[in-house]
Amino acid sequence: MIRIYNTLSQQKEEFQPIEPGKVRMYVCGMTVYDYCHLGHARVLVAFDVITRYLRHCGYDVHYVRNITDIDDKILLRAEENGEVYTDLTERMISAMHEDEGKLGVLPPTEEPRATAHIDNIIAMIRTLISKDHAYVADNGDVYFAVDSFDGYGKLSKKKLDDLLAGARVDVEQAKRSPADFALWKAAKAGEVSWNSPWGDGRPGWHIECSAMSTCCLGDTFDIHGGGPDLMFPHHENEIAQSEAATGQEFARTWMHAGAIRVNKEKMSKSLGNFFTIREILESYPPEVVRYFLVSSHYRSQVDYSEDNLAEAGRSLTKLYHALRGLVPAKDVADTAHDRQFQAAMDDDFNTAGAIAVLHGVAAEINQHRRQGDEQAASDSAAVLVRLGKVLGLMQQDPEAFFQADTGGELTAEEIEALIQARADARKGRDFAEADRIRDELASKGVILDDSREGTSWRRG
RNA sequence: GGCGCGGUGGCAGAGUGGUUAUGCAGCGGACUGCAACUCCGUGUACGCCGGUUCGAUUCCGACCCGCGCCUCCA
């Protein structure tokens, strides 16, 4: 039985899908005006692991993650760049797909784009107006009337009164209440726009997620997820719009990832302290970045630092070392480790605990090898690869992982030649020369591992 | 100010009412020509103060500290 922490109830709940065997999940994706940063990667990886585990448990998962491809920031950035906004969004979407692929994030089942759902958005706004949950303001915008929805604040635990009291300046005059938010924004002259019953304009940010999620998954679905900073106002507004429009419960379980921090501050676009995925991948192998993300619980805050990434690299290296030189067995029955792994993952996707199990399996492999039991080692290796796959780890050939060209000074051929020279020196018991070669390699970032079968190498 | 989350050993990071997390780093031993890898062994811990309990790091309360949201942000 899987238990999931639900932001709505603020506790872990037994997960019971609406339709047995099926999971319908929606996650708020990217606004594509810039490259994805580590914070985005965290959400991407977290829900990728969740999807993988649910599928591992036999669920048929319908995973929808949207793309916001029309928005004020997109238009602003495109104008700064002097390009058509669709050129910008197309470029950022391919960059995002590239980054995801490197991190081992599987594509969602569906990836709807806001601009392809304008009709659904307009239909939903029309419904909201007809039910008196929304109104057309003097400036041509359409707003959602927050006080028309009783449950407003139930996700973020905010009271409407507190929100109004704390409302910051710059309240749009056209709004009836400061907490109301735009469903449809009237276009200014020359702006990109779509026709609507309320004049030319474009959708507000929140409504697109309501329209796309209910369109792809139905009025009520199982899981809705996203980044920590979307809880309010974005998700709160989604609930209000959707439930007001359909009269049905929106998402059953709300899941939020924890923030990535840099020097004790949240990594964010507004603070400008973010590292893009591609930046980080210049210094670290993608699987190391993924390991770093997965090695702590998805809801906890994690600090980004060079030290933490480097440590993740050493830890992953240990796991791959266990696999080195082994051919994993084909079929291996459930083991005690499988059950431990499942127990950890069942508990709100405790990937940190699951990784500890992986290390337990690695230790077992090494012990079998030490005892010369190749068959048992190969069986355990199969378990390590099988469980690793659920986390999106351990799927590379160990040599490929160790010897990936990270821009070192030496080519694989040059390294092999030096290793041969060292082997010859050792054979002639010229250890001074052998050690000189090993030191030379080490200074160029190549570490040697001697074993009975010979010498293997890796880039450190 | 309102709402929410968290403080675990040198570091990272799980978890539990009484028994080993795990990883990195350290120390001792084995292996090795010497190392690396690996194996065996080993140390340091639960912010502070009360309470409940036979027993609390784990439950309850107060306090201190940190963080997040309350405006666009994953």
Side-chain angles (χ1 to χ4, degrees), chain A residues 7 10 27-31 33-34 36-44 46-47 71-73 76 153 156-159 161-171 179 205 225-234 236 256-261 264-272 274 291-292 295-297 299-303 305 307-319 321-322 324 340 344 347 350-360 362-363 365-371 426 429-432 434-435 438-439 442 447-452 455-458 460:
Chain A
T7 307
Q10 297 174 284
V27 174
C28 291
M30 265 24 92
T31 298
Y33 70 99
D34 205 344
C36 294
H37 64 231
L38 230 211
H40 297 112
R42 164 104 112 149
V43 172
L44 255 17
F47 287 96
D71 152 279
D72 291 355
K73 284 192 292 294
L76 185 67
S156 57
K157 318 302 169 199
K158 293 183 189 304
K159 293 193 181 69
D161 290 347
D162 296 338
L163 287 173
L164 297 181
R168 307 194 185 180
V169 290
D170 248 14
V171 173
W205 176 36
D229 34 22
L230 297 186
M231 199 162 96
F232 187 89
H234 186 57
E236 196 68 63
H256 293 92
I260 299 277
R261 308 194 306 171
K264 308 288 180 192
E265 267 187 334
K266 190 181 76 158
M267 179 181 292
S268 75
K269 294 265 178 89
S270 30
L271 287 172
F274 61 91
Y291 185 96
F292 166 69
S295 61
S296 60
H297 188 87
R299 279 191 287 115
S300 66
Q301 297 184 134
V302 301
D303 280 288
S305 75
D307 284 352
N308 291 346
L309 260 307
E311 191 189 310
R314 286 191 291 271
S315 194
L316 218 212
T317 295
K318 180 165 187 148
L319 252 23
H321 252 297
R324 203 166 203 185
Q340 287 169 19
D347 182 15
N350 185 352
T351 52
I355 281 188
V357 176
L358 257 39
H359 280 284
I365 293 172
N366 292 327
Q367 285 154 10
H368 287 317
R369 284 183 134 157
R370 187 121 188 126
Q371 293 156 4
R426 291 177 76 200
R429 304 198 65 78
D430 182 358
F431 295 120
D435 289 352
R438 185 171 62 197
D439 291 345
I447 298 163
L448 301 187
D449 297 304
D450 291 332
S451 74
R452 290 183 196 82
T455 300
S456 53
W457 60 276
R458 61 190 161 93

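Every heavy atom of this structure was used, including side-chain atoms; hydrogens, water molecules and symmetry mates were not. Just so it is clear, the structure is predicted and the values come from calculations on it, not from any experiment. Lettering follows sequence order; numbering is per chain, from 1.
Residue-level contact check: A:Lys159 touches neither bases nor backbone, having no heavy atom under 4.0 Å from any strand. Among the protein residues, A:Gly258 comes within range of the nucleic acid bases, having at least one heavy atom under 4.0 Å from a base atom. Residue A:Ser296 is in sugar-phosphate contact alone, with no base atom involved, counting any heavy-atom pair closer than 4.0 Å across all strands shown. Within the nucleic acid shown, A:Ala257 has no heavy atom closer than 4.0 Å to any nucleic acid atom. As judged by a 4.0 angstrom heavy-atom cut-off over every strand, A:Ile260 is placed among the base-contacting residues. The residue A:Arg458 sits close only to the backbone: its heavy atoms come under 4.0 Å of sugar-phosphate atoms, none of a base. Heavy atoms of A:Ser268 sit under 4.0 angstrom from at least one base atom. Counting non-hydrogen atoms under 4.0 angstrom, A:Arg426 reaches a base of the nucleic acid. Within the 4.0 angstrom heavy-atom criterion, only backbone atoms of the sugar-phosphate kind lie near A:Gln301; the bases stay farther away. Residue A:Ser451 is classed as having no contact, given no heavy-atom separation below 4.0 Å to the nucleic acid.
B:G13 sits 16 Å from B:C67 when the P atoms are compared, rounded to a whole Å. For the P atom pair drawn from B:G50 and B:U57, the interatomic distance equals 13 Å after rounding to whole Å. Rounded to whole Å, the P atom of B:U20 lies 14 Å from the corresponding atom of B:G41. When the P atom is compared between B:C40 and B:G23, the two are found 11 Å apart, to the nearest whole Å. B:G51 and B:G28 are spaced 44 Å apart, taking the C1' atom of each and rounding to whole Å. B:C48 sits 15 Å from B:A56 when the P atoms are compared, rounded to a whole Å. For the P atoms, the distance linking B:G10 with B:A45 amounts to 8 Å, nearest Å. Separation of the P atoms belonging to B:C3 and B:U8 is 26 Å when rounded to the nearest angstrom.
The base of B:C37 is not paired with the side chain of A:Lys318 by any donor and acceptor separated by under 3.5 Å. With hydrogens and angles ignored, no donor-acceptor pair under 3.5 angstrom links the side chain of A:Arg261 to the base of B:G68. Between the side chain of A:Arg438 and the base of B:A36, no donor-acceptor pair under 3.5 Å is found. For A:His37 against B:A74, a side-chain N or O and a base N or O form a donor-acceptor pair under 3.5 Å. In this model, a side-chain donor or acceptor of A:Asp450 finds a partner on the base of B:A35 within 3.5 Å. Contact annotation: side chain of A:Asn350 to base of B:G15, donor-acceptor pair absent below 3.5 Å.
Under the 4.5 Å side-chain criterion, counting only non-hydrogen atoms from C-beta, A:Arg426 is in contact with A:Thr455. Taking 4.5 Å as the limit, every side-chain heavy atom of A:Glu236 sits out of range of all side-chain heavy atoms of A:Lys158.
In this structure, A:His297 atom NE2 and B:C5 atom P are separated by 14 Å, rounded to whole Å. We find that CZ of A:Arg370 is positioned 9 Å from C1' of B:C40, with the value rounded to whole Å. Nucleotide B:G68 holds its C1' atom 15 Å from the CE atom of A:Met267, rounded to whole Å. Following rounding to the nearest Å, A:Asn366 (CG) and B:U22 (P) show an atom-to-atom distance of 15 Å. Between the P atom of B:U22 and the OH atom of A:Tyr291 lies a distance of 13 Å, rounded to the nearest Å. The distance from atom CG of A:Asp439 to atom P of B:C34 is 16 Å, rounded to the nearest whole Å. Between A:Glu236 atom CD and B:C3 atom C1' there is a gap of 11 Å when expressed in whole angstrom units. Rounded to a whole Å, the NE2 atom of A:His359 is 17 Å from the P atom of B:A12.
The minimum heavy-atom distance linking A:Ser295 with A:Ile355 is given by the pair CA-CD1, 3.7 Å. Smallest separation of non-hydrogen atoms from A:Ala344 and A:Ala354: CB-N, 3.7 Å. Smallest separation of non-hydrogen atoms from A:Asp229 and A:Lys266: OD2-NZ, 2.9 Å. Shortest non-hydrogen contact noted between A:Ala322 and A:Arg369 is O-NH1, 2.9 Å.
The nearest heavy atom of RNA chain B to A:Val357 and to A:Ala434 marks one nucleotide each, and the one closer to the 5' end goes with A:Val357. Residue order along RNA chain B, read from the 5' end via each residue's closest nucleotide, puts A:Phe431 first among A:Gln367 and A:Phe431.
The side chain to side chain contact (heavy atoms under 4.5 Å, CB included) with A:His321 is formed by just one residue from the set A:Leu316, A:Asn366, A:Asp449, A:Ile365; it is A:Asp449.
As the counterpart of B:G26, B:U42 is assigned, both hydrogen-bonding distances of the Watson-Crick or G-U wobble pattern falling under 3.5 Å. Pair assignment for B:A14 gives none, since no Watson-Crick or G-U wobble pairing has each distance under 3.5 Å. Nucleotide B:C5: paired with B:G66 (Watson-Crick or G-U wobble, both distances less than 3.5 Å).
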**OP:** Would you check, one step at a time, whether the test side-chain contact (heavy atoms from CB on, under 4.5 Å) holds for A:Lys157 with A:Gln10?
**Re:** CA-CA 10 Å; A:Lys157 318 302 169 199; A:Gln10 297 174 284; 3.3 Å; yes
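Judged by distance alone, the side chain of A:Gln301 and the main-chain N or O of A:Gly258 form no donor-acceptor pair under 3.5 Å.
Residue A:Asn308 places its side chain closer to B:A12 than to any other of B:A12, B:A74, B:A14. Which of B:G13, B:C73, B:G4 sits closest to the side chain of A:Val302 comes down to B:G13. The side chain of A:Ile447 lies closest to B:A36 when the candidates are B:C3, B:A36, B:G33.
Residue A:Lys269 places at least one side-chain N or O closer than 4.0 Å to OP1 or OP2 of B:A74. Side-chain N/O atoms of A:Lys266 include one lying less than 4.0 angstrom from OP1 or OP2 on B:C69.
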